[in-house]
Structures are given as structure tokens and as C-alpha cells.
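Structure first, then comments.
All ligand and atom numbering here is 1-based and tracks the order in the structure. The basis for the numbers below is simple: all heavy atoms, side chains too, and nothing from hydrogens, waters or symmetry mates. Keep in mind it's a predicted model, so treat the numbers as computed, not measured.
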Amino acid sequence: MTRKELFKNTLRKSVHAWKLINELPLSDDESLMLRHFMDQPGFLDLHWRMFVPAIKGQGTEEQKQKWLPLANKMQIIGCYAQTELGHGSNVQGLETTATFDPQTDQFILHSPTQTSSKWWPGGLGKVSTHAVIYARLITDGKDHGVHGFIVQLRNMDDHSPLPGITIGDIGVKFGNGAYNSMDNGFLMFDKFCIPRDQMLMRLSKVTREGKYVPSDVPRQLMYGTMVSVRQTIVSNASIAMARAVCIATRYSAVRRQFGSQNGGIETQVIDYKTQQNRLFPLLASAYAFRFVGEWLKWLYTDVTQRLEASDFATLPEAHACTAGLKSMTTSATSDGIEECRKLCGGHGYLWCSGLPELFAVYVPACTYEGDNVVLQLQVARFLMKTVSQLGSGKAPAGTTAYMGRAKHLLQCRSSIRKAEDWLNPAMVLETFEARALRMAVSCANNLSKFENQEQGFSELLADLVEAAIAHCQLIVVSKFIVKLEGEIKGKGVKNQLKNLCYIYALHLIHKHLGDFLSTNSITSEQASLANHQLRSLYTQVRPNAVALVDAFDYTDHYLGSVLGRYDGNVYPKLFEEALKDPLNDTVVPDGYHEYIRPLIKQHLRSARL
Ligand SMILES: CCCCCCCC/C=C\CCCCCCCCCC(=O)SCCNC(=O)CCNC(=O)[C@H](O)C(C)(C)COP(=O)(O)OP(=O)(O)OC[C@H]1O[C@@H](n2cnc3c(N)ncnc32)[C@H](O)[C@@H]1OP(=O)(O)O
Ligand SMILES: Cc1cc2nc3c(=O)[nH]c(=O)nc-3n(C[C@H](O)[C@H](O)[C@H](O)COP(=O)(O)OP(=O)(O)OC[C@H]3O[C@@H](n4cnc5c(N)ncnc54)[C@H](O)[C@@H]3O)c2cc1C
């Protein structure tokens, strides 16, 4: 499809999905499932995941009563317009202004520079009638920082931009189809006025007289919509990883190379330990991210209930967990999808393997909802704060509770003696805790050597990110272990999940061996034992690998991959796909007479053939 066709077709699908949701009708969970199977980024994502939650989280009761019924019936379509051409990560650096005019009781929205143009919001370019706009609030010449506003962008009769608004699509993005189904847009305001009651005023207010009234709740609640989306992105990472792994695992069982004896069949590539060492940790990650995603959903629900009761105590942890896990899981999944492409050899590079499209559509997850490095730095700040409070009498809680055992974890030596000891959950957990704590404490010690903390932080950014990742990996490993300790129906299933849990943990040790050795969390002998155990786990997972990906229950239609077909009938179908290519419509290609024939003829003449 051309870009225009792709965009229009996605509009068609989105509107059809909305019709089904209402006609059947579908529950919220079923609607999410439908979105999942629609399988293309589109304006509904931003309307439901960001526009509506932003109003719910930041609007007053009256604002919710006014706007939510319209949004819930999709009589208005909204998007979330925060990022600007010049500023994305640095939200406090946004330039768009919203200046209160007491004479007209309106805010005047303005884009003072080119870099202040909104740039990137999905659904903005061509579809949305409304947006939640983030802009600097100015009253009486004073800048109160960034606040959210509900703004109508387009005329409800003919969809034209309202006077004072310039709007459009930012152009083609990475990949052929992928994210190009979405109209990520730009937007400039030229002194565009909105009524005062369209500032989202749950967190702070501007009175009729133009007085700014800050609220007594933390201003970070303005970032609440991002926390909610980051949480869902973690579960999405599991879905995308599982999809790539399903394709690569099934194909690795079909594909044979070398090893034929006396003219017999060759070896299935899945039997090579190198293939297993690349593939099975990704299979384990798909399960691990699913379980940590379930836990994060619980954490998010819990913090939401607490916030409703004005208990803000767990907000920093919820922010650190959603930011860190969003970052860690999306980076691992993007790398994992690319690894799965390579695991499928040359055929993985074919469009019909399903992997190039999956990669292209998935990889921006490392950037949207916060650049992955910037988000890990938020985790690092949280960890440094927690370390600095150790010994103050305030016991660390939640995911940092392990830091409360700092004295032990800083001194302990791993008691792993034989390979099977690596199947002991307490020993594995302690190894990850020791490594995470020691990395965090080492950063804190290095920071304390700087007179200026912010300067020290800048100097140590790379180490801080590594410490944050170590903490996030500990969370994933610990939630996998907790899952195993809970109720899992079926002993066989539990055994399989145990194998995957230890593959996940031991492979991380192998991959980040430098961290584990340099922090003395394990010795090099214990590292060898971990490798030994890992190989044995691969052997145990091997006979069940295909069943473990079949368990994801993805249809062939959803996978969209010739290599990942359930029936394994890969080669005939690769031919079928190839023959469908427009280049094969004719035997002699268009351009032969123009370019190839004159070239050949010229050579034939000069060679006198
Ligand atoms: C084959 C086909 C397959 C098809 C498959 C289809 C798949 C479809 C794919 C995806 C569907 C998913 C759809 C998802 C849609 C996503 C759309 C993306 C939308 C966006 O990107 S919106 C824009 C997001 N922008 C960002 O995330 C910006 C990142 N920056 C920030 O968040 C912050 O500014 C910051 C975290 C970097 C803060 O920096 P700083 O300047 O230090 O911050 P301050 O404002 O001064 O505040 C510091 C203080 O606040 C605490 N804090 C920061 N953030 C939060 C928070 N969110 N919650 C709570 N607290 C927060 C911070 O810790 C500091 O606290 P302290 O003072 O230290 O105590
Ligand atoms: C597909 C897609 C959809 C999007 N949808 C929306 C949307 O609907 N609404 C919306 O408002 N926005 C949206 N965005 C924008 C997105 O949220 C931002 O791109 C994202 O937050 C990253 O910001 P940036 O582009 O400014 O990156 P930058 O901050 O410019 O990052 C560039 C580089 O600088 C590094 N860097 C930046 N700051 C620091 C620091 N403090 N320390 C160390 N390194 C740093 C980063 O790690 C990165 O390597 C979307 C983006 C994409 C790609």
C-alpha cells in the first residue's frame, strides 16, 4: 500500500473495531484484545490510552463530566500533544506558552519558535479533533511551568484546522508499513484562544482573577498518564517478544543444516547449542516479561488506589518501576526481535518471515514514552536517594526492600558449590541482590567524591544506567520466582516454567559477567558452574520448546510469518509467497528492453558473438 492507502485502511479498521465494540458489545478486556488483533498503530491508541486517561487523571469533576462522555462515545477524537520539535525528554523545557488573559478569561496558546512546534504526537497529524496540549502556564507575567490544556484543533463540520492552528503529518517513518499507519503530527499555535475552564485543573488552578493556585498534591501527578502507558508497554513487550520467538523457534525446528550421515537427514538447527544459547533466553524473556507485566499492573492499580486516597508514598517507586521496566523490557525485546531474524538465517530477512515488519513497528518503543536511557536515569536517581537514606532509620520498602539488608549483602559470599545449586531460588536471588546493591553503592560512593552532586551525576551517567539495569533485572528475576512459588496448575507446566526462570537468570549472569565478577557477587568458578547448569537447562527445554511457543496461542494469521507457520510447511509456502511478488507477474521484467537488452547487445557486438 502507498502511505495514503495504508493510512486510510487503518482508519477503516479502527472505525470497524469501534463499531464491533459497541454492537457486540465488548468488555474493556475484550476491546483491548481486539486492538491487539487489529495489530497496527492507529489513532485509537492515543485517544484511549492517553487522551482519555489524561482527562481522567488531571481533570476536575466538572471537566470530566463535560469531556469524558464526548470522548467515551468518540464524538470527539483526542491525542496527547506533549513533545515538541526541540524538546521531548526534557518536559520542563517545553516552549509552547499558555498565557492567561484576564480581560477575556481565556488562555492564549502560542508557539513562539519553530522548536516549540508540537512534533510527534500520534493521531494529531490528520485525525484528532481535540488534544491534551502541554504548555507553559503564564499568569501576570509569571511562568508556572508546564500544565495540560484541552484544546479543540479542528472544525467539527468539515475537519479543517481552526484559525490560528497550523497542523500536519511529520512524514514517513522507519520501515515500509510499520508505524506509518499512524499520523504522527506537527502543530503550531498562532495566539490561539481557549476558555479558562479548558486548563486541566485538578492539580492546580487559575482563578477568574488570574491567580495561580497550586494544589497540595505532588506536581508529578501531571506525569500520571505516562506512568499508566509505560506499565502497559511492559506487557506489550512480552507479546512482541513471544511473537518473534514463536517464529524463530518453529522455524529452527524445521530448518536443517549439516550433520547428515550416510545420506540421512541433516540436523535441526534448534539442536545446535549456539542456537539454543541465543533462542532459549529469549523464550524465557517472553515469559519473564509477561509475569513482571502482571505484577506491574498490580503495582499500578495499587498506587492508583492510594493516590485516590491522597497517599502519595509509593508514587516514586511506581515511577521508578514503570520507567525502568519499560526501558529494560523494550530494549531487550527490540534486540530480541533482531536476534530472532538472524536465528532464521537468510529467510529471516524476507518480508514474509514477519520479522522485519515486527522489528520496524516495535523498535520505536525504545524511544516513545521516554527514551530508554533517560528513563533508566530516573531509576538511578531513585536508587541513589534510597542508598543515601540507608541507616537513617527509614527502611527501604517494595522493590528496594533488599537494600535494607545492605550490611549482609555487601559482605556475603555466594555459597554456590555445584551446578545444581544454581537451581536454588534463594541463592539466585541473593546473587542478583548483591550485584544490584553493590553497583548502586559503588555509584553512591563515587558520587560522594564530587563536591557538586549534579556534576558527579553527569560524570557517572554510564555507571548509573548500568546500576539501574541491574536493579530492574533483579525485579524481573524476583517476580518470576514469586510466580513459581504461587499457584501454577500442573506439575509439568511448573517444571517447564522453572527451567525458563533459571535460564532467564543464568543467562543474565553469563551476559553481564563483568558486573557479577567485579562486584565479587560470584567467583569465576561459580560463573562456570552457572554456564554448566545453563547448558543442562537448554537440553531440558529443547523437547518442549515448540510446545512452549505454541502455548502463546498465536494464529498463523496473527503471526503473519511463513517461517513461523504452525504446520511447519515452510518451503512450499516460501515459493507461493515468492510467486506472488509483482516482479514475477511477467517472465521478462519491465525495463528489459530499455536497459538490459541494449547493454547485452552492445557487449555481444563488441565480442563479435
Ligand atoms: C507486524 C505488525 C505488529 C504490529 C504491532 C503493533 C504494536 C503497536 C505498538 C504499540 C502500541 C502501544 C501504544 C503506545 C502508544 C505510545 C505513544 C507514545 C506517546 C508518547 O511518547 S507521549 C510523550 C512521552 N514523553 C516522555 O516520556 C518524556 C520523558 N521525560 C519525562 O518523563 C520527564 O520529564 C523526566 C522523567 C525525564 C523528568 O525529568 P526532570 O527534568 O528531572 O523532571 P522534573 O519534571 O523536574 O521532575 C523531577 C521529579 O519528578 C519525578 N518524576 C518524574 N517523572 C515522574 C512520573 N512519571 N511520575 C512520578 N514522578 C515522576 C522524578 O523522579 C523527580 O522526583 P524527585 O524530585 O527526584 O523526588
Ligand atoms: C513512534 C513515536 C510516537 C510518539 N508519540 C508521541 C505522542 O503521541 N505524543 C508525544 O507527546 N510524543 C510522542 N513521541 C515523542 C517521544 O515521546 C519522544 O521522542 C521521546 O520522549 C524522546 O524524546 P526526544 O525525541 O526528545 O529524544 P532526545 O531527548 O532528544 O534523545 C536523543 C538522545 O539524547 C539522549 N539524552 C537525552 N537526554 C539525556 C540526558 N539527560 N542524559 C543522557 N542522555 C540523554 C537520549 O538517550 C538519546 O540518545 C513519539 C515518538 C515516537 C518515536
Side-chain angles (χ1 to χ4, degrees), residues 35-46 48-51 54 79-94 118-124 128 131-134 145-146 170 173-175 177-185 187 218-230 232-233 235-237 239-240 243-244 303 307 312 314-320 322-323 326-327 330 337 354-382 384-385 457-458 461-462 464-465 558-561:
R35 157 65 187 87
H36 175 59
F37 287 119
M38 210 183 93
D39 206 22
Q40 263 178 337
F43 70 91
L44 290 181
D45 294 343
L46 279 301
W48 289 111
R49 290 193 192 202
M50 300 208 77
F51 179 70
C79 64
Y80 184 88
Q82 182 175 288
T83 308
E84 297 175 352
L85 187 58
H87 291 104
S89 298
N90 182 6
V91 179
Q92 291 305 322
L94 296 178
K118 293 294 171 191
W119 188 278
W120 269 118
L124 170 70
S128 296
V132 168
I133 300 282
Y134 288 87
V146 174
I170 60 170
K173 291 154 295 219
F174 190 87
Y179 226 94
N180 289 301
S181 53
M182 179 81 92
D183 54 328
N184 293 89
L187 162 70
R219 75 173 174 85
Q220 284 87 350
L221 287 183
M222 190 191 77
Y223 297 146
T225 313
M226 291 189 280
V227 175
S228 126
V229 180
R230 284 173 193 154
T232 64
I233 288 175
S235 298
N236 280 339
I239 293 171
R243 191 169 178 165
V303 77
L307 293 177
F312 307 110
T314 58
L315 182 60
E317 198 207 6
H319 165 49
T322 46
K326 179 270 179 189
S327 169
T330 56
I337 296 170
L355 292 165
E357 172 77 354
L358 183 60
F359 181 74
V361 80
Y362 190 75
V363 79
C366 296
T367 307
Y368 61 55
E369 276 314 327
D371 166 85
N372 277 356
V373 168
V374 170
L375 292 186
Q376 287 300 1
L377 290 170
Q378 291 290 303
V379 180
R381 279 196 189 276
F382 172 68
M384 291 307 100
K385 216 179 238 182
F457 203 87
S458 300
L461 285 182
L464 286 159
V465 166
Y558 176 68
L559 278 183
S561 167

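- Looking at Leu375 and Arg230, their side chains come closer than 4.5 Å, going by heavy atoms from C-beta outward.
- Of the heavy atoms in Tyr80, only side-chain atoms (C-beta onward) come closer than 4.0 Å to ligand 1.
- Ring planes of Phe37 and Tyr558: perpendicular class, angle over 60° (limits at 30 and 60°).
- The closest approach between a heavy atom of Pro316 and any atom of ligand 1 is not below 4.0 Å.
- Scanning all protein heavy atoms for the shortest distance to atom 35 (C) of ligand 2 gives Asp371 OD2, 4.5 Å.
- Proximity of Arg35 to ligand 1, defined as any heavy-atom pair under 4.0 Å, is confined to the side chain (atoms from C-beta onward).
- Listed by number with element, the atoms of ligand 1 under 4.0 Å from a non-hydrogen atom of Gly370 are 26 (C), 27 (O), 29 (C).
- Contacts between His36 and ligand 1, counted as non-hydrogen atom pairs separated by less than 4.0 Å, are absent for every part of the residue.
- Of all the atoms in ligand 1, the ones that sit under 4.0 Å from a non-hydrogen atom of Val91 are 28 (C), 30 (N), 31 (C), 33 (C), 34 (O).
- Closer than 4.0 Å to atom 45 (O) of ligand 1 lies at least one heavy atom of the protein.
- Heavy-atom contacts of Gln82 reach the following atoms of ligand 2: 11 (O) (cutoff under 4.0 Å).
- Counting atoms of ligand 1 from 1 in the listed order, those under 4.0 Å from a heavy atom of Met50 are 19 (C), 22 (S).
- Near Gly88, meaning under 4.0 Å from any of its heavy atoms, are these atoms of ligand 1: 28 (C).
- What sits closest to atom 5 (C) of ligand 1 on the protein, heavy atoms only, is Asp39 OD1, 3.4 Å.
- Under the 3.5 Å distance criterion, the side-chain polar atoms of Glu357 are matched with a main-chain donor or acceptor of Ala178.
- The distance criterion of under 3.5 Å between nitrogen or oxygen atoms is not met by Tyr179 with respect to ligand 2.
- Distance from atom 66 (P) of ligand 1 to its nearest protein heavy atom, with residue and atom name: Lys385 NZ, 3.4 Å.
- Using a 4.5 Å cut-off on side-chain heavy atoms (C-beta onward), Tyr80 and Met226 make contact.
- The option with the heavy atom closest to atom 47 (O) of ligand 1, from among Arg219, Gln82, Glu357, is Arg219.
- A donor-acceptor pair under 3.5 Å links the side-chain atoms of Ser181 to the main chain of Pro41, judged by distance alone.
- Nearest-residue assignment for atom 43 (O) of ligand 1 (options Trp48, Tyr223, Tyr368; heavy-atom criterion): Tyr223.
- Contact between Gly122 and ligand 1 is absent, with no heavy atom of the residue lying under 4.0 Å from the ligand.
- In the vicinity of Val227, heavy-atom distances shorter than 4.0 Å reach the ligand 1 atoms 56 (C), 57 (N), 58 (N).
- Ranking the protein heavy atoms by distance from atom 29 (C) of ligand 1 puts Ser89 O, 3.7 Å first.
- Distance check on atom 10 (C) of ligand 2: some protein heavy atom falls below the 4.0 Å cut-off.
- The atoms of ligand 2 that sit less than 4.0 Å from any heavy atom of Leu46 are 8 (O).
- With a 4.0 Å heavy-atom cut-off, ligand 1 is reached by no atom of Met182.
- Applying the 4.0 Å criterion to heavy atoms of Pro364 picks out, from ligand 2, the atoms 1 (C).
- Within a 4.0 Å radius of atom 30 (O) of ligand 2, the protein has no heavy atom.
- With a heavy-atom cut-off of 4.0 Å, Met38 does not touch ligand 1 at all.
- Between His87 and ligand 2, no N or O atom pair is found at a separation short of 3.5 Å.
- Comparing heavy-atom distances from atom 23 (O) of ligand 2 across Cys79, Ala81, Ser89 singles out Ser89 as nearest.
- Of the listed options Trp120, Tyr558, Tyr179, Phe312, Tyr179 places a heavy atom closest to atom 15 (C) of ligand 1.
- Comparing Ile133, Val465, Leu124, Thr83 by heavy-atom distance to atom 16 (C) of ligand 2, the nearest is Thr83.
- Checked by atom type and distance alone, the side chain of Lys118 never pairs as donor or acceptor with a backbone atom of Leu124 at under 3.5 Å.
- Side-chain atoms of Val91 and Tyr134, non-hydrogen and from C-beta on, never get closer than 4.5 Å to each other.
- Proximity of Val361 to ligand 1, defined as any heavy-atom pair under 4.0 Å, is confined to the side chain (atoms from C-beta onward).
- Listed by number with element, the atoms of ligand 1 under 4.0 Å from a non-hydrogen atom of Arg243 are 1 (C), 3 (C).
- Residue-level proximity to ligand 1 for Glu369 is carried by backbone and side chain together, each with a heavy atom below 4.0 angstrom.
- Across the listed options Thr367, Val91, Leu94, Val374, Val374 owns the non-hydrogen atom lying nearest to atom 37 (C) of ligand 2.
- At a distance under 4.0 Å, no protein heavy atom can be found next to atom 33 (C) of ligand 2.
- Listed by atom number, the atoms of ligand 2 under 4.0 Å from Asn184 heavy atoms are 3 (C), 4 (C), 5 (N).
- The side chain of Val373, and not its backbone, has at least one atom closer than 4.0 Å to an atom of ligand 2 (non-hydrogen atoms only; side chain from C-beta on).
- Residue Leu377 touches ligand 2 through its side chain alone, judged by heavy-atom distances below 4.0 Å.
- Taking atom 7 (C) of ligand 2 as the reference point, the nearest protein heavy-atom neighbour is Pro121 CA, 3.3 Å.
- Atom 13 (C) of ligand 1 has its nearest heavy-atom neighbour, among Gln40, Gln92, Arg49, in Arg49.
- Polar contact check, Tyr368 against ligand 2: no nitrogen or oxygen pair lies under 3.5 Å apart.
- In this comparison of His319, Arg230, Met226, the heavy atom closest to atom 59 (C) of ligand 1 sits on His319.
- For atom 14 (N) of ligand 2, the closest non-hydrogen atom on the protein side is Trp120 CB, 3.5 Å.
- A 4.5 Å side-chain heavy-atom check between Leu315 and Val227 finds every atom pair outside the cut-off.
- Residue Tyr80 has at least one heavy-atom neighbour below 4.0 Å for each of these atoms of ligand 2: 7 (C), 8 (O), 9 (N), 10 (C), 11 (O).
- When each atom of ligand 1 is checked for a heavy atom of Gln220 under 4.0 Å away, the hits are 49 (C), 50 (O), 51 (C), 52 (N), 59 (C), 60 (N), 61 (C), 65 (O).
- Between Met384, Gln378, Met222, it is Gln378 that holds the heavy atom closest to atom 42 (O) of ligand 1.
- Near Val374, with a cut-off below 4.0 Å to any heavy atom, the atoms of ligand 1 are 37 (C).
- Side-chain contact between Glu369 and Met50 is present, with at least one heavy-atom pair separated by less than 4.5 Å.
- In terms of N/O distances under 3.5 Å, ligand 2 is approached by Gly88.
- In Leu375, neither the side chain nor the backbone holds a heavy atom less than 4.0 Å from any atom of ligand 1.
- Neither the backbone nor the side chain of Arg381 comes within contact range of ligand 1; no heavy atom lies under 4.0 Å.
- In this structure, the side chain of Arg49 does not engage the main chain of Val229 through any donor-acceptor pair within 3.5 Å.
- Within a 4.0 Å radius of atom 42 (N) of ligand 2, the protein contributes one or more non-hydrogen atoms.
- Between Gly122 and ligand 2, at least one pair of N/O atoms sits closer than 3.5 Å.
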